[in-house]
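For reference, the structure is listed below as structure tokens.
Throughout, numbering of the chain's residues begins at 1 and tracks the sequence. Below, all heavy atoms of this structure are taken into account, side chains as well, without hydrogens, waters or symmetry copies.
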Amino acid sequence: SASESIRFVQEMLVSVGLLEQQDMTGVYDAATTEELSAQFEQLALELPLLADTQAETMQNICDYVADSTDYVSSGNDQYIDSVFVNHESVCAGYAKAVQYLALRHGIPCVYIAGTAEDFLGTGGNHAWLAAYVDGEVRYYDPTWYDQRGFHASQFLGMNLVEISADHDADYPQLLPR
């Protein structure tokens with residue numbers, strides 16, 4: 001199934017070192033990492049994100065991350081703590097935070113790295129997600145969804161053709177279909 005495919009790809013990418021675990025090892029000492037991990041688990045449980053459908057839950061998760069985070073490049077903008085603690089991040093932090101919350105709400109979700117080109121023709125390295133939502137593989141770009149003051153819903157729940165129009169994965173052969 002597509003859900004099993006996402007889980008398999010995620011496990012495989014972790015095993016070969018192409019996908020980082022959702023921790024902050026190397027960023028903080030062990031005690032701080034443990035404390036933050038506990039805080040993030042509690043946050044995931046307390047936030048009112050769960051909805052009637054997985055698509056609505058993903059929308060709620062993306063809303064939370066977009067509404068609580070400013071797009072700011074800093075020395076620590078690649079991890080989930082840049083979203084949950086500093087509330088300033090870039091695409092990697094946005095995607096990892098959404099992935100973290102999606103997984104805690106039972107939605108299989110995999111982080112994708114690659115490049116993307118916006119409507120102005122500017123582009124570069126970028127990160128987004130594939131998730132198994134309501135029986136289908138859907139793609140989410142939580143960074144492009146956050147348009148500083150409004151949400152661009154066309155970047156949530158895309159199919160493979162839609163995401164491929166302006167996003168190129170580093171390992172397209174591994175994308176769930």
Side-chain angles (χ1 to χ4, degrees), residues 6-28 30 32-47 49-50 54 57-116 124-133 137-148 151-152 155-158 163 167-171 174-176:
I6 286 179
R7 284 192 187 103
F8 170 77
V9 169
Q10 187 170 8
E11 290 170 10
M12 196 252 327
L13 291 174
V14 168
S15 72
V16 297
L18 296 175
L19 177 64
E20 297 175 26
Q21 292 289 346
Q22 289 293 317
D23 67 22
M24 297 148 291
T25 306
V27 178
Y28 299 105
T32 304
T33 297
E34 188 174 321
E35 179 183 324
L36 287 173
S37 294
Q39 287 177 12
F40 299 162
E41 286 294 327
Q42 190 64 35
L43 176 71
L45 292 172
E46 290 177 356
L47 289 172
L49 302 173
L50 195 59
Q54 290 176 324
T57 299
M58 284 296 289
Q59 170 95 38
N60 292 344
I61 291 169
C62 290
D63 285 348
Y64 170 76
V65 170
D67 292 344
S68 66
T69 310
D70 291 323
Y71 187 89
V72 176
S73 182
S74 67
N76 181 33
D77 57 17
Q78 300 291 309
Y79 301 96
I80 62 174
D81 62 311
S82 63
V83 171
F84 297 144
V85 175
N86 304 331
H87 303 288
E88 294 181 339
S89 195
V90 295
C91 60
Y94 275 74
K96 289 175 183 177
V98 169
Q99 178 190 28
Y100 179 86
L101 292 171
L103 292 171
R104 264 78 193 156
H105 285 83
I107 300 172
C109 190
V110 65
Y111 176 93
I112 301 169
T115 58
N125 294 334
H126 196 53
W128 61 97
L129 303 163
Y132 188 66
V133 175
V137 175
R138 295 312 229 173
Y139 293 86
Y140 291 80
D141 186 334
T143 312
W144 285 15
Y145 175 68
D146 182 5
Q147 294 295 311
R148 300 179 190 207
H151 297 156
F155 298 114
L156 300 185
M158 295 173 280
I163 193 75
H167 292 64
D168 292 310
D170 287 343
Y171 299 95
L174 299 178
L175 291 179

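Here the shortest heavy-atom pairing between Ala97 and Ile80 reads N-CG2, 3.5 Å. Between Ile61 and His105 the shortest heavy-atom distance is CD1-ND1, 4.4 Å. Nearest approach of Tyr111 to Ala127, heavy atoms of both residues: OH-CB, 3.3 Å. Among all heavy-atom pairs drawn from Cys62 and Leu156, the shortest one is SG-CD2, 3.6 Å. A pairwise comparison of heavy atoms in Leu103 and Cys109 identifies CD2-N, 3.7 Å as the closest pair. Summarising the geometry of Gly106 relative to Gln54, their closest heavy-atom pair is O-NE2, 3.9 Å, with the distance given to 0.1 Å.
Under 3.5 Å, the side chains of Tyr100 and Glu41 contain a donor-acceptor pair of N or O atoms. With hydrogens and angles left out, the side-chain atoms of Tyr94 and Asp146 include a donor and acceptor closer than 3.5 Å.
Put simply, the side chain of Ile107 reaches to within 4.5 Å of the side chain of Val133, judged on heavy atoms.
Counting only distance, with no hydrogens or angles, the side chain of Arg104 and the backbone of Phe40 share no donor-acceptor pair below 3.5 Å.
One finds the CG atom of Leu129 at 8.5 Å from the OG1 atom of Thr143 (value rounded to the nearest 0.5 Å). The distance from atom OG of Ser89 to atom OH of Tyr79, rounded to the nearest 0.5 Å, is 11.5 Å. Atoms OG1 and CG, on Thr57 and Leu50 in that order, are 4.5 Å from each other to the nearest 0.5 Å. Considering CG of Leu101 and CZ of Phe84, their distance stands at 4.0 Å, rounded to 0.5 Å.
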### Task
Could you please spell out the steps behind the side chain to side chain contact (heavy atoms under 4.5 Å, CB included) verdict for Trp128 and Met158?
CA-CA 11 Å; Trp128 61 97; Met158 295 173 280; over 6 Å; no

### Audit row: Val98, Tyr140, side chain to side chain contact (heavy atoms under 4.5 Å, CB included) steps and yes/no
CA-CA 9 Å; Val98 169; Tyr140 291 80; 5.6 Å; no

### Query
For His126 and Trp144, what are the C-alpha separation, side-chain angles and deciding distance, and is it a side chain to side chain contact (heavy atoms under 4.5 Å, CB included)?
CA-CA 10 Å; His126 196 53; Trp144 285 15; 3.5 Å; yes

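For His87, there are no ring-ring contact (aromatic ring centres under 6.0 Å, His included) partners, not counting sequence neighbours. By the side-chain hydrogen bond (donor to acceptor under 3.5 Å, both in side chains) test, Asp63 is found to be paired with Gln59, Tyr145, His151, residues two or more places apart in sequence or in another chain being considered.
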